[in-house]
Number of protein chains: 2
Amino acid sequence: MSEGTAVRNTRQRSAVSALLAEMEGFHSAQDLHAMLRERGERVGLTTVYRTLQGLADAGEIDVMRPPGGEHLYRRCSEGHHHHLVCRACGRTVEVAGPAVETWADRVAAQHGYTDVSHTLEIFGTCPTCTP
Amino acid sequence: MSEGTAVRNTRQRSAVSALLAEMEGFHSAQDLHAMLRERGERVGLTTVYRTLQGLADAGEIDVMRPPGGEHLYRRCSEGHHHHLVCRACGRTVEVAGPAVETWADRVAAQHGYTDVSHTLEIFGTCPTCTP
DNA sequence: GCGACAACGACAATGATTGTCAAAAACGCA
DNA sequence: TGCGTTTTTGACAATCATTGTCGTTGTCGC
């Protein structure tokens with residue numbers, strides 16, 4: 001459904017996608033733009049932003065909005081999951097919580113809410129960063 | 001520990017606090033500033049921001065960062081809880097999920113993370129806004 | 001009442017993100 | 001393969017919430 005989009009395959013889109021594929025942690029748009037430049041890829045910052053937005057809309061990457069910072073993007077495993085992030089070093093573990101999903105849906109339904117979604121992030125200090 | 005703060009009781013701080021006490025939903029700093037002006041209270045925008053930050057740090061109000069918008073502040077019930085927010089009209093229900101808290105802590109502990117906190121927001125369309 | 005010191009506030013600065021629009025590239029089709 | 005249409009690009013300007021600055025003002029302890 002809704003195939004009027006006709007997304008075109010461009011060098012820039014591939015470059016961003018490829019970069020995300022080999023990156024491990026979360027990175028900001030400006031970060032990714034800088035990395036592409038260092039590689040010699042000629043991609044505009046505006047394009048990086050738009051490409052990331054597109055990928056996020058398509059569900060191919062995850063977006064995190066840390067308090068007081070820029071948006072961070074990351075290529076993640078498919079399906080719904082959440083993140084356990086170290087405050088100090090940023091190390092991230094993907095976690096799945098089926099019980100949480102169920103709980104959220106049930107609570108929303110109890111209040112008559114429909115078309116439910118949710119956001120959940122867990123922050124902590126990872127073993128390496130614990131003194 | 002750390003009681004060198006010596007928070008002073010000022011007219012402006014009281015005004016912001018009082019306004020929040022009678023407001024129901026979430027409001028942005030700019031919103032609150034405009035309301036104070038309409039009331040004849042003379043409070044600077046910078047001060048509103050700083051006061052809200054202070055209250056948030058003290059845990060007296062909650063902050064929500066909706067995607068693509070400004071920060072929203074609200075005076076909430078005490079203790080830890082989450083929000084079920086209508087995407088259309090902004091109506092908010094406070095929900096408590098002890099099981100979620102436990103789950104988050106357990107998951108974090110399993111990965112060796114300490115000093116754990118988390119953020120959780122549920123979005124949906126409330127009964128009134130459902131066609 | 002007085003002095004020290006935090007809080008205020010008008011304004012400037014910051015900085016990520018988005019809008020603009022002419023030029024370039026990609027795709028469908030013959 | 002060549003051509004026209006349509007999307008995409010990207011340099012730059014614009015936006016706008018939030019934060020920094022710093023002289024002034026008001027509070028609080030004494």
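Chain letters run A, B, ... following the sequence lines, proteins first and then strands; every chain starts at 1.
Counting to the nearest Å, the C1' atom of dA16(C) and the CG atom of Asp31(A) are 13 Å from each other. Across the protein-nucleic acid pair, Gln12(B) atom CD and dT27(D) atom C1' stand 11 Å apart, rounded to whole Å. Atom CG in Leu45(A) sits roughly 9 Å away from atom C1' in dT17(C) (whole-Å rounding). In this structure, Tyr49(B) places its OH atom 16 Å from P of dC8(C), rounding to the nearest Å. Taking atom CG on Leu52(B) and atom P on dA7(C), their separation rounds to 15 Å, with Å as the unit. Between the P atom of dA16(C) and the CZ atom of Arg65(B) lies a distance of 14 Å, rounded to the nearest Å. We find that CG of Leu32(A) is positioned 14 Å from C1' of dA16(C), with the value rounded to whole Å. Residue Glu41(A) contributes atom CD, which lies 13 Å from atom P of dT9(D) at whole-angstrom precision.
His82(B) is not listed as a side-chain neighbour of Ile122(B), based on a closest heavy-atom distance of 4.5 Å or more.
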> When you look at His83(B) and His118(A), which way does the ring pair (Phe, Tyr, Trp, His ring centres under 6.0 Å) test go after all the steps?
Replying inline: CA-CA 10 Å; His83(B) 297 116; His118(A) 60 267; over 10 Å; no
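The backbone N or O of Thr10(A) sits less than 3.5 Å from a side-chain atom of Ser14(A), completing a donor-acceptor pair.
Between His71(A) and Tyr73(A), the ring planes are tilted. Angles from 30° to 60° get that label.
Along DNA chain C, the nucleotide nearest Arg50(A) and the nucleotide nearest Gln30(A) are compared for position; the residue whose nucleotide lies closer to the 5' end is Gln30(A). Along DNA chain D, the nucleotide nearest Asn9(B) and the nucleotide nearest Thr46(B) are compared for position; the residue whose nucleotide lies closer to the 5' end is Thr46(B). In this structure, Gly44(A) and Arg11(B) both approach DNA chain D, and ranking their closest nucleotides by distance from the 5' end singles out Gly44(A).
Within 4.0 Å of Thr10(A), counting heavy atoms only, lie sugar-phosphate atoms of the nucleic acid but no base atom. Nucleic acid contact class of Arg42(A) (heavy atoms, under 4.0 Å, all strands): sugar-phosphate only.
For His71(A), a side-chain nitrogen or oxygen approaches OP1 or OP2 of dT17(C) to under 4.0 Å. OP1 or OP2 of dT18(C) sits under 4.0 Å from a side-chain N or O of Gln53(A).
Here the closest non-hydrogen pair linking His33(B) and Val43(B) is NE2-O, 3.0 Å.
Side chain of Arg37(B), nearest nucleotide from dA10(C), dT9(D), dT17(C): dA10(C).
Residue-to-nucleotide contacts include no donor-acceptor pair under 3.5 Å from the side chain of Arg8(B) to the base of dG29(D).
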